[in-house]
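The structure appears right after this line, and notes come after that.
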Amino acid sequence: MLAAARLDATKNGAFLLLLFHFHRRHHDARRLFSTAVCLRPPPFESIKDQALLLVQLQGHIARGHLSRARHLFDQIPTPDVRAYNDLIRAYSSPVAAADALHLYRRMLLQRVAPNNYTFPFALKVCSALADLHCGRAIHCHAIHAGLHADLFVSTALLDMYVKCDFLHDAAHIFATMPARDLVAWNAMLAGYAHHAMYHHALAHLLRMQAQARLRPNASTLVSLLPLLAQQGALDQGTCVHAYCIRVCLDHKVTDGVLVGTALLDMYAKCGSLVYARRVFDDMPARNEVTWSALISGFVLCGRMTQAFILFKDMLAKGLRFHSPASVACALRACANLDDVRMGEQLHALLAKSGVHADLTAGNSLLSMYAKAGLIDQAIAFFHEMADKNNVSYSALVSGYVQNGRAEEAFLVFKKMQACNVDPDAATMVSLIPACSHLAALQHGRCSHGSVIVRGLASETSICNALIDMYAKCGRIDLSRQVFDMMPSWDIVSWNTMIAGYGIHGLGKEATTLFLDMNNRGFAPDGVTFISIISSCSHSGLVTEGKHWFHEMASRYGITPRMEHYNCMVDLLARGGFLDEAYQFIQSMPLTADVRVWGALLAACRVHKNIDLGKRVSRMIQELGPEGTGNFVLLSNIYSAAGRFDEAAEVRIIQKVKGFKKSPGCSWIEINGSLHAFVGGDQRHLQSSEIYRELDNILLGIKKLGYQPDTTFVLQDLEEEEKEKALIYHSEKIAIAFGILSLSEDKTIFVTKNLRVCGDCHTVIKYISLVKRRAIIVRDANRFHHFKNGQCSCRDFW
DNA sequence: ATAGGGTTAG
């Protein structure tokens, strides 16, 4: 009979099913039922059996065929609550979240009442979308249905409020829940942890164990550890690690990877890379996230070489970056490693895998190009980006500044505001250095005002940028004011303030501040010593500089890097101790690089020590005079010695190798607008007036005994021609313009991108005397204050 | 669990 039934299943299946049912032959009924599932079209038309459709629906969902499931669902004439629940549940992944909510709405329209299974799934969707509006509506429905106190429903509500950042409501639900399981406790903890509410989180954790007698599981710790990492709570983190080992939390592989990754991230963020590495090595399994976390840790601690090795190891193991977050990690590593080629490969990967549109990864990419000096590529990418946010704009602003195009940074900032994108602290921290570069005090003051209005004026990083800005705009007094008013300092604050004194030639003040720093228990770092030694160097405090160099290693345990040797050579050479500087270089434990030799070469040029200059230039030629500066110096030395053929030769090599000399340029800010000049510039609207003024001045000071020092002219010209080339150096033009534009009591403040030459230095001294004006010139190196024919510097450089 | 932009020195 069964065989006959099976043969005939398509026609009389419904009849037979009922027959089996009445004869209590459940087994046969079920077998027939399952055969029927495979048949198409659905044979039980006479019954219109929804149960059968439901089974098919579940089959499609289980196999992940969502579109087939949807198709089937739409054929059900009156889907019941179970059908809705099944499909909503299937849709509850973030990708299909919108469909799920749509279905939930349709369910209500069809007057199908949601039940205790519906609400948690629908709420999960709201959590994923952080859709508070929908979440609240569903909360009302749950209350209406009398289900809001159900354990699963209320836990889902709690989670929804947490994910929507409505912690207050979440806490209220938690407090009024009739019963709470570990999931609920964990959800609440995640909320506290996510909002960096350290004390709340810890109290909650203790209550969970004491009152509810619940023991932390993997997801408890996965919430807790990032909080400890952020707080730098290494000791508590270590306790958590011990707990993990005690309760064998790594037994389940998935838990092991999650907890292990969180642990190693905690160690790395607390600066304990050895332990981070040990956790990593002991993990039974690792994934993309684990590797990203470790690489980020090394990058964070500035251990670039090891970060690079890890990066290569990961790729060699066949692992690749896929998720936007880990691509962002990898790109950040590339930016810090200066590995543009790897960055470009990741760019290609992004474009191929469709992660391209991800804002986070896109912003990292933008910043990577900017940091690598490929500003044009950064700009191009910025324009390609489908959506941009304030991070994208900030990255571009800082990209322009880092690549010496500060004026354009202001344009981007303007455009950003025109597009109604709100600048935040990081944007302002990117923008303020643009004012520092340009020495544009008015712009800087505006930015300061803007920062105050935005309520950001007491943020440490903002204040640091302001200190630097005022120092570089010639107002070291305002720098100190900002410094004194800060609520708290970090190492950058101290370093910036010390360096500020340095460029103003205030070595004594720099030293005093350094001692203050020590007294207040701030440990100096490598940068502090670069600042302090170079401030000694600018103030001619050779003995003090040497003293701090020795203290650095012996007392503070900081191993000198190439930068420190560079500073020392500069200190000695500037002070005129050329031979000592030469010996110092030869006694260095590191092989001196081009920059170190360059510092000595610059001193040879100024002190006109041609013999040593020749020896040093030979060294530089062997090393390859990287960058433009040393080519210029080298050729200047030859020029000064009257060996113009060799000077020209150096220039030719420079040109062939593609190093362009950046033209000397000076600028001055008058009433908030910048006026820039290059040597011999006649493009300014008031050009003829400016040159008339300048010629008058020069005529006057020649009567007082000024003689042009033509050794500062680089080309092989006749004396008269040389004089002309000198006369029209850009700083002289800018000063003449300043005299014309500013009333007599105002200080003239000119900024130059290169160093001021010796001849200009002399001329400016005379001008300050004849015109009775205070003149400040900021060049590539430091400040020169001119008054009554004197300069604050001992010598011109 | 990893997660985007920013401040200092040369």
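Below, read A as the first sequence line, B as the second, and so on, with proteins coming before strands; counting in each chain starts at 1. Computed over heavy atoms, backbone and side chain alike; hydrogens, waters and symmetry mates excluded. Given the structure is predicted, the values throughout are model-derived calculations rather than measurements.
Contact annotation: A/Ser296 side-chain N/O to B/dT2 OP1/OP2 distance is not under 4.0 Å. For B/dA3, neither phosphate oxygen OP1 nor OP2 lies less than 4.0 angstrom from any side-chain nitrogen or oxygen of A/Arg332. Distances shorter than 4.0 Å separate none of the side-chain N or O atoms of A/Lys472 from OP1 or OP2 on B/dT7. Side-chain nitrogen and oxygen atoms of A/Lys371 include at least one within less than 4.0 Å of the OP1 or OP2 phosphate oxygen of B/dG6. Phosphate contact (OP1/OP2 of B/dA1, side-chain N/O of A/Lys269, threshold under 4.0 Å): absent. At least one side-chain nitrogen or oxygen of A/Ser534 sits closer than 4.0 Å to the OP1 or OP2 atom of B/dG10.
Here B/dA3 presents its C1' atom at 11 Å from NE2 of A/His194, a figure rounded to the nearest Å. Put simply, NE2 on A/His241 is 15 Å from C1' on B/dA1, counting in whole angstrom units. As a whole-Å value, the separation of A/Asp387 CG from B/dG5 P is 17 Å. We find that NE2 of A/His504 is positioned 12 Å from P of B/dA9, with the value rounded to whole Å. Between the P atom of B/dG4 and the CG atom of A/Asn336 lies a distance of 11 Å, rounded to the nearest Å. Taking atom NE2 of A/His437 as the reference point, atom C1' of B/dT7 lies 11 Å away to the nearest angstrom. Summarising the geometry, the separation between CZ on A/Arg574 and P on B/dG10 is reported as 10 Å, rounded to the nearest angstrom. Taking atom CE on A/Met428 and atom P on B/dG6, their separation rounds to 16 Å, with Å as the unit.
Within 4.0 Å of A/Lys388, counting heavy atoms only, lies no atom of the nucleic acid at all. Residue A/Ala465 is out of contact with every strand shown, counting any heavy-atom pair closer than 4.0 Å. A/Val397 comes within 4.0 angstrom of nothing in the nucleic acid, heavy atoms only. Residue contacts shown for A/Thr261 include a base, since a base heavy atom lies under 4.0 Å away. Residue A/Val222 is in sugar-phosphate contact alone, with no base atom involved, counting any heavy-atom pair closer than 4.0 Å across all strands shown. Here A/Arg286 lies out of heavy-atom contact (under 4.0 Å) with every strand.
A ring-centre distance under 6.0 Å is not found for A/His241 and A/Tyr275. For A/Phe382 and A/Tyr393, the distance between ring centers is under 6.0 angstrom. For A/Trp291 and A/Phe321, the distance between ring centers is not under 6.0 angstrom. Ring pair A/Trp494/A/Phe514: centre-to-centre distance not below 6.0 Å.
Nearest nucleotide to the side chain of A/Gln402, out of B/dG4, B/dT7, B/dA9: B/dT7. Considering only the side chain of A/Ser531, B/dA9 comes nearest among B/dA1, B/dA9, B/dT7. Closest approach to the A/Val492 side chain among B/dT7, B/dG10, B/dA9 is made by B/dT7 (side chain taken as heavy atoms from C-beta onward). The nucleotide whose nearest atom lies closest to any side-chain atom of A/Ser326 is, among B/dA9, B/dG6, B/dT2, B/dT2. If you check B/dT8, B/dT2, B/dG5 against the side chain of A/Asn390, the one that comes closest is B/dG5. Of all nucleotides listed (B/dT2, B/dT8, B/dG6), B/dT8 comes nearest to the side chain of A/Val527. Minimum atom distance to the side chain of A/Val429 is reached by B/dG6, of the listed B/dT8, B/dG6, B/dG4. Considering only the side chain of A/Asp468, B/dT8 comes nearest among B/dT2, B/dG5, B/dT8. Comparing B/dG4, B/dT2, B/dT7 against the side chain of A/Ala293 picks out B/dT2 as the nearest. Closest to the side chain of A/Ser398, out of B/dT8, B/dT2, B/dG6, is B/dG6.
In terms of heavy-atom proximity, A/Pro226 sits nearest to A/Ser223 at CD-O, 3.3 Å.
In this structure, the side chain of A/Arg286 does not engage the main chain of A/Thr261 through any donor-acceptor pair within 3.5 Å.
Side-chain N/O atoms of A/Ser292 and base N/O atoms of B/dT2 include a donor-acceptor pair closer than 3.5 Å. If you check distances only, the side chain of A/Thr427 does reach the base of B/dG5 with a donor-acceptor pair under 3.5 Å. Within 3.5 Å, a donor on the side chain of A/Asp424 pairs with an acceptor on the base of B/dG5, or the reverse. Evaluation of atom-type donor-acceptor distances gives a pair under 3.5 Å for the side chain of A/Ser461 against the base of B/dG6. A donor-acceptor contact under 3.5 Å links the side chain of A/Ser394 to the base of B/dG5.
Ion pair A/Asp282/A/Arg278 not flagged as a salt bridge, since none of the NZ, NE, NH1 or NH2 atoms sits closer than 4.0 Å to an Asp/Glu carboxylate oxygen. Comment: A/Arg480 engages A/Asp484 in a salt bridge, judged by a side-chain N to carboxylate O separation of less than 4.0 angstrom.
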